[in-house]
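Structure, as structure tokens:
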There are 2 protein chains.
Amino acid sequence: METLPDKTVERLSQYRRSLNNQLAKGKEHIFSHEIANLLHITSVQVRRDIMLIGYSGTLRKGYDIKELVDLIGKILDTDEGQKIAVVGMGNIGKAFIHYLYEKRSKLKVVAAFDVNPEKIDKSYADVYCYHLDKLKDIIAKENIKIGIITTPPQVAPEISDKLVDAGIKGILNYTPKPLSVPEGVYLEEYDMITSLEKVAYFVKKK
Amino acid sequence: METLPDKTVERLSQYRRSLNNQLAKGKEHIFSHEIANLLHITSVQVRRDIMLIGYSGTLRKGYDIKELVDLIGKILDTDEGQKIAVVGMGNIGKAFIHYLYEKRSKLKVVAAFDVNPEKIDKSYADVYCYHLDKLKDIIAKENIKIGIITTPPQVAPEISDKLVDAGIKGILNYTPKPLSVPEGVYLEEYDMITSLEKVAYFVKKK
DNA sequence: AAAATATTGTTATTTTTTTAACAATAAGTT
DNA sequence: AACTTATTGTTAAAAAAATAACAATATTTT
């Protein structure tokens, strides 16, 4: 399939979560406007996204939730699952580990790294924390392809380089320090303070 | 001034941070392409954003960093500063508090709320944590206008309603549970897992 | 003094994303 | 059996965002 638009990929992730909730409640079919209501978006958007992934519902029952969830899984997941490394065992690093722990997901955090002796050589939610020096070895050995950077911003570029050097193909950068990565590595950056300043701006404006 | 585009607001927040770093290094003027390099975007985008906020540089020196920072401050900040409440004293809540602590910013977390007795009636980074029952009183008394929701997702809608009822005008929702708020309240939603699934999808695609 | 250069500010174009419009149609209703 | 209704799937249009193009011009070089 063609690569899907960015925003559609984001929504697919959200559709899946909501649909799984509905499945858990015993619901088997759902209309586009019901999905839309759950996520507070429009039904047109839902139908368009579903069209883009090539799924069809029926006119009177809408979409088969199970089938749709499975299809989204085929699109977002890989069969073997994807392994993740978290670099930086602070609040955010822990939040990611905690979040993915127990959640039945194809995404698994399989290693964490830090330099603080108090955090190293311990497990948090079944994830073992290694010294940063071991990064390349562990990532190679475990064949990890995705890294999350949750370190202090100053060291983020250095961590990014190490991850790329170790063979990582996707980075989620949670520090406010912008990174650059070579062609072939996907980079997603997110800045908590920017989100907050945005809210503050629009509050001020009203 | 007209309300700025969403994305421009986000970038202004990032320009300011980078520009402050440059100021700290003793740099006084900067060219659009230098800002662009710092943030890994294009210089056209930088110039366009700066045009939108009505600032002008000079042809040979570029932009006066101090002036630009001050102007961005005028746009993003309010003179009195803005007070923030954090609801949910878990990893993410702590991360926000910690982040804004010590950072010289007009945004101040002035209260946190939780229901866990172990967290209540203590301070974390100078922010006092109250029982959720006190939310309305404290928000009214302190005249807080911005709330961050970092609770478990199930309770997010209830918290959101309470915040709105207490007079909050902007909400940053960090739970994966989509919220809806009345007209006049600005809502920004962010989902950590969606970010990660997006990275995973594009890694898979490559 | 003329030419070359580097940079801004702004308009035009392209791309991406969202929203609207509507034909097709399955199921229920008269 | 014809009519109504509710919904999908898809094309068309609009809106938002990013990128390109380029005129204007201050400074430096020749």
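Lettering of chains follows the sequences in order, A, B, ..., and the numbering in each one begins at 1.
Salt-bridge check for B/D70 with B/K74: failed, with every basic side-chain N at 4.0 Å or more from each acidic carboxylate O. The pair A/K141-A/D137 does not count as a salt bridge, with every side-chain nitrogen at least 4.0 angstrom from each carboxylate oxygen. The pair A/R16-A/D77 counts as a salt bridge, with a side-chain nitrogen and a carboxylate oxygen less than 4.0 angstrom apart.
Rounded to whole Å, atom P of C/dT8 lies 14 Å from atom CG of B/D49. If you measure from atom CD1 of B/I53 to atom P of C/dT10, you get 13 Å, rounded to the nearest angstrom. Rounded to an integer number of Å, the gap from CG of B/L52 to P of D/dA18 is 11 Å. Regarding B/Q45, its CD atom lies at a distance of 16 Å from the P atom of D/dA16, rounded to whole Å.
The phosphate of C/dG9 has OP1 or OP2 within less than 4.0 Å of a side-chain N or O from B/S56.
Screening residues 144-156 of chain B for side chain to side chain donor-acceptor pair (under 3.5 Å), with sequence neighbours left out, gives B/N143-B/K145.
Of all heavy-atom pairs between A/E67 and A/D64, the closest is N-OD1, 3.0 Å.
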Side-chain polar contacts of residues 178-187 of chain B - donor-acceptor pairs under 3.5 angstrom, sequence neighbours left out - could you list them?
{"unit_1": "B/Y186", "atom_1": "OH", "unit_2": "B/E188", "atom_2": "OE1", "d": "3.3"}

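Sorted by residue number, the members of residues 26-33 of chain B with any non-hydrogen atom under 4.0 Å from DNA chain C read B/F31, B/S32, B/H33. The stretch residues 4-16 of chain B touches DNA chain D through B/P5, B/D6, B/K7, B/R11, each having a heavy atom under 4.0 angstrom from the strand. Within a heavy-atom distance below 4.0 Å of DNA chain C, no residue of residues 193-201 of chain A is found.
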Contact state string [nucleotides 21-30 of chain D, B base, S sugar-phosphate only, - no protein heavy atom under 4.0 Å] | ----BBS---

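Between B/Y63 and B/H29 the shortest side-chain heavy-atom distance does not fall below 4.5 Å. Inter-residue side-chain proximity for A/Q82 and B/K204 is flagged as met; some heavy-atom pair is nearer than 4.5 Å.
In this structure, NZ in A/K198 is found 6.5 Å from NZ in B/K7, a value given to the nearest 0.5 Å.
Among the heavy atoms of the strands lying under 4.0 Å from A/T58 are primed sugar atoms or P, OP1, OP2 only; no base atom is included.
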